[in-house]
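Order of the sequence lines fixes the chain letters, A, B, ..., with proteins taken first and strands second; residue numbering starts at 1 for each chain. Just so we're clear, the structure is a prediction, and the values are computed from it rather than from any experiment.
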There are 2 protein chains.
Amino acid sequence: MDYYNTTNTDNDKIMITVHSDSENPLYQQIYEQIKTKIMRGDYPEGFRLISTRQLSKELCVGRNTVESAYAQLCLEGYVKSMKRSGFIVNNVSDDNPHASNKMRGNGCLQASAQRLSRQSIPGYSSNNPRQYDYDFQYGSLDPSLFPYSQWRRLTSEILSSNEAQNINYYNNIQGELNLRIEIMKYLGESRGVLCNPEQIILCSGTRYALEIICKLFPKERRTAAFEEPGYDGSRIVFENNGYKINPIPLRKEGVDIEILANGSPGLVYITPSHQFPTGLVMPIQHRTNLLDWAVQTKSVIIEDDYDSEYRYHSRPIPSLQSIDRHKRVIYLGTFSKSLAPGLRMSYMILPEWMLAQYHKLFSRYPSTVSWLQQQVMSLYMARGYWQRHLRKGCLKNKKKYDILLQAIQDQFGNRVQIHNHNAGLHILLEFNNGEQQEYLEEKAGQYNVKVYPTLPFWHQKENCPKNEVLLGFSNLSETQIREGIHRLNLAWF
Amino acid sequence: MDYYNTTNTDNDKIMITVHSDSENPLYQQIYEQIKTKIMRGDYPEGFRLISTRQLSKELCVGRNTVESAYAQLCLEGYVKSMKRSGFIVNNVSDDNPHASNKMRGNGCLQASAQRLSRQSIPGYSSNNPRQYDYDFQYGSLDPSLFPYSQWRRLTSEILSSNEAQNINYYNNIQGELNLRIEIMKYLGESRGVLCNPEQIILCSGTRYALEIICKLFPKERRTAAFEEPGYDGSRIVFENNGYKINPIPLRKEGVDIEILANGSPGLVYITPSHQFPTGLVMPIQHRTNLLDWAVQTKSVIIEDDYDSEYRYHSRPIPSLQSIDRHKRVIYLGTFSKSLAPGLRMSYMILPEWMLAQYHKLFSRYPSTVSWLQQQVMSLYMARGYWQRHLRKGCLKNKKKYDILLQAIQDQFGNRVQIHNHNAGLHILLEFNNGEQQEYLEEKAGQYNVKVYPTLPFWHQKENCPKNEVLLGFSNLSETQIREGIHRLNLAWF
């Protein structure tokens with residue numbers, strides 16, 4: 001743990017501390033502390049903040065970091081930027097809470113930007129305005145796993161090569177061929193996926209892939225069957241594209257095929273290898289039945305294989321696509337869970353018969369993924385770093401998973417049931433005494449721990465069992481997981 | 001000019017030459033030459049290609065480059081990859097043209113991938129299967145302008161900083177705040193655009209921005225008025241989202257407002273500061289009239305300011321957004337013309353009243369732009385490199401523009417009229433003797449020069465004047481521009 005303190009001698013109250021291994025970005029730590037000091041009156045109206053140059057020097061952090069913190073404070077009206085005077089604290093007294101918001105000019109902007117400036121995926125982000133001691137968020141990864149130096153070296157290598165000139169062109173609309181070949185090889189080996197590179201389309205996230213898919217079907221077939229509960233982030237894309245959602249309840253083995261068959265055929269979105277959020281694995285017999293249904297009704301199955309890289313204590317399950325002989329499956333995968341969500345890289349694999357329609361509608365859409373980043377990823381995979389990274393990530397997350405389960409068993413005993421199936425980066429916790437989500441979330445919050453409700457995953461909210469919450473674990477350290485569960489025990493029991 | 005030759009002593013016929021300052025990527029040069037040799041029979045069936053390791057050594061190019069070329073040949077069925085034997089030439093005799101295509105396994109894939117593997121934006125790409133001596137393509141940039149080393153250094157700086165851990169999170173859905181602040185400052189200064197960062201949304205290209213915009217309007221208002229002629233790449237997005245296209249003819253001053261007013265109100269897409277493809281500039285009076293129409297009919301104007309960075313021999317024209325007091329304008333801009341299309345970064349600015357609807361529909365969509373690349377761009381702008389780059393790029397393209405116009409005047413005299421208005425990266429050439437696009441394109445092709453038809457820009461094809469072609473110039477060197485025009489003179493006159 002590294003602590004850096006400002007050593008300002010003029011005024012002890014201006015001391016700021018940053019903590020380099022915190023989950024909070026450095027700029028946010030600086031921002032939060034200054035904001036607190038302003039609100040508490042430690043920094044009164046008219047107080048001049050230490051210059052960005054000096055603060056960055058004293059904290060040994062980049063000037064850009066400090067500038068971001070100051071820009072944020074300015075944006076929210078806590079301080080104003082004055083020519084030649086630096087940053088001056090505004091009047092933020094309670095009786096006039098918006099006084100400072102009206103200012104513009106000098107780079108100061110509306111305070112309403114506050115909400116937006118930090119907006120990211122609700123419940124899935126570290127940029128949550130409130131900071132918790134232990135945040136069991138889902139979707140953020142272990143910060144120690146990303147290959148920072150390798151990525152740096154490979155980026156340099158690409159930019160120093162003659163190939164770099166390709167950045168000046170609109171490149172392949174489906175993504176660069178060499179990367180698609182690497183993805184094909186990887187998916188063939190690890191997931192049994194059968195395809196050739198012409199079927200692969202690089203996307204900047206699963207939403208973008210679904211945006212394309214939604215448009216490939218005629219207007220009169222715009223109903224999408226969805227796992228209930230299921231991933232709300234995918235559901236919204238269908239809704240935005242005018243699809244009617246047909247929620248299909250989950251049985252022990254996956255979506256209820258009888259109910260599915262009673263609805264109109266068309267599209268069905270599923271997560272068969274690790275159902276989100278319940279963790280269910282669809283057994284082979286059910287997979288076959290589902291494929292049969294798709295063949296008979298000429299329906300298409302979207303298989304979202306979002307976290308297939310993480311399977312613990314059992315062998316990986318081959319993808320549904322791998323046993324699909326009749327080309328009814330669209331396969332989706334992502335680097336967001338396995339490498340980094342900040343890269344915004346995912347891929348989809350269309351059955352061959354859908355390619356003509358894809359080209360008809362999208363041949364004028366350039367790829368949405370940076371050429372440079374595609375080349376770096378391609379080298380990263382071709383040189384074997386990717387396979388090593390996956391092994392390392394899987395081991396590390398397995399350890400965290402085991403610690404989480406052990407801690408829950410030790411602390412909560414038989415007051416809860418854990419829903420997961422030795423896979424992924426989250427678990428569902430079901431409370432045997434019927435505690436309610438709102439209560440659980442609120443109580444945890446009082447103890448400065450964040451857990452997540454499952455209500456958003458339900459299309460028909462009234463069917464959501466109230467006695468469960470979701471816990472993600474990949475962004476917490478092993479110690480934090482143990483301590484977080486201990487804290488939850490205090491909060492809940 | 002650097003030439004590298006293989007010095008293979010076994011067989012002179014296998015000599016391969018690469019040319020590092022060619023527009024063609026190195027891998028493509030290698031691929032083309034080997035393909036030619038196979039087709040000519042220089043490399044007969046069963047011939048073993050030199051190993052990728054040896055060829056990369058002999059040509060002094062990266063192994064990855066050679067591997068890409070070989071992968072492409074393999075994909076297209078010219079060679080097959082044999083375990084322990086390397087790459088062996090297939091039977092590609094004319095009487096059995098598809099024999100080699102049927103092979104799979106050993107990494108060899110369907111030849112149909114050929115089309116797709118190189119597919120990019122038609123007419124806007126260097127990845128055109130046919131290579132021309134002089135390709136007046138639009139959309140590709142001068143390869144000498146991109147700041148390769150600065151980009152490398154800034155990427156390293158970000159990845160070495162503590163901030164790098166943010167790559168493990170889903171970050172801001174609208175793009176990082178610091179980058180949005182930089183964009184706001186830049187647009188305020190250069191284009192008079194008035195906005196605050198909460199209105200800015202980073203997008204991975206203009207298509208993606210339009211995909212969002214299309215969904216912000218209710219189903220019953222899905223008509224879009226479009227400049228006729230206009231940018232077909234934007235039009236297709238509206239068509240894909242179920243919009244009816246209402247083509248509005250251009251007058252001397254821009255879209256015909258009378259005809260616009262006769263149609264149903266709603267959305268209109270325009271390029272007022274440098275109309276694509278005609279180059280028209282909308283005068284202030286017409287801008288005011290258009291804004292008045294939008295206010296009266298509660299319509300929304302999409303201002304695509306795609307190449308505003310390039311204006312020669314006159315002062316920049318402030319954006320339409322800058323004089324819009326009633327918040328009727330959505331502003332679009334891009335880094336594709338000003339920095340690199342391969343980065344896939346653009347932005348849009350929504351009027352404040354549209355933000356609620358945007359958040360309602362898209363709050364679950366993560367940004368499609370890489371966090372890392374956003375941070376690099378932000379530093380690039382904050383440190384002043386961006387402004388310097390723009391000045392350099394504008395000067396260089398102005399010089400090319402002047403050379404192009406001079407060469408056309410010298411060579412073609414009054415047989416043509418040039419449509420442009422001292423701006424942008426392309427011109428329209430109108431032929432006074434009524435030569436037809438097909439003829440012009442074909443004749444140019446016979447002399448190994450590529451020019452582009454304007455037919456795709458017309459929604460109502462029958463109205464397209466046949467006597468004009470489009471010439472982009474940013475991807476050619478000054479010498480190439482002169483020589484290309486000379487060659488066109490031979491071809492056409």
Going by atom types only, do B:Ser367 and A:Arg344 share a side-chain donor-acceptor pair under 3.5 Å? no
I'd like to verify something: which residue of [options] has the highest number of heavy-atom pairs under 4.5 Å with chain A?
| options | answer |
| --- | --- |
| B:Ser204, B:Gly188, B:Gly205, B:Ser144 | B:Ser204 |
| B:Ser156, B:Ser336, B:Ala340 | B:Ser156 |
| B:Leu343, B:Asn178, B:Leu372 | B:Leu343 |
| B:Leu339, B:Leu159, B:Val369 | B:Leu159 |
| B:Ile158, B:Ile236, B:Thr65, B:Ile167 | B:Ile167 |

Please determine, among [options], the option with the most heavy-atom pairs under 4.5 Å with chain B.
| options | result |
| --- | --- |
| A:Ser161, A:Ser160, A:Cys214 | A:Ser160 |
| A:Trp151, A:Trp371, A:Tyr148 | A:Tyr148 |
| A:Gly242, A:Ser474, A:Ser370, A:Ser378 | A:Ser370 |

Side chain, backbone, both or neither of B:Ala164 within contact of chain A (heavy atoms, under 4.5 Å): both
Identify the heavy atoms of A:Ile30 and A:Val18 that sit nearest to each other, and give their distance. CG1-CG1, 3.6 Å
Tell me whether the rings of B:Phe362 and B:Tyr358 are parallel (<30°), tilted (30 to 60°) or perpendicular (>60°). parallel
Run the side chain to side chain contact (heavy atoms under 4.5 Å, CB included) test on B:Val237 and A:Tyr365 for me, step by step, so that the C-alpha distance in whole Å, both residues' side-chain angles and the decisive distance to 0.1 Å come before the verdict. CA-CA 9 Å; B:Val237 181; A:Tyr365 284 56; 3.4 Å; yes
Between A:Asn171 and A:Gln374, is there a side-chain heavy-atom distance shorter than 4.5 Å? no
Under 4.5 Å from a heavy atom of chain B, the part of A:Leu379 involved: side chain
Who are the salt bridge (charged side-chain N to carboxylate O under 4.0 Å, His left out) partners of A:Lys215, not counting sequence neighbours? A:Glu211, B:Glu211
Those residues that, when tested against B:Arg153, pass salt bridge (charged side-chain N to carboxylate O under 4.0 Å, His left out) (two or more places apart): none
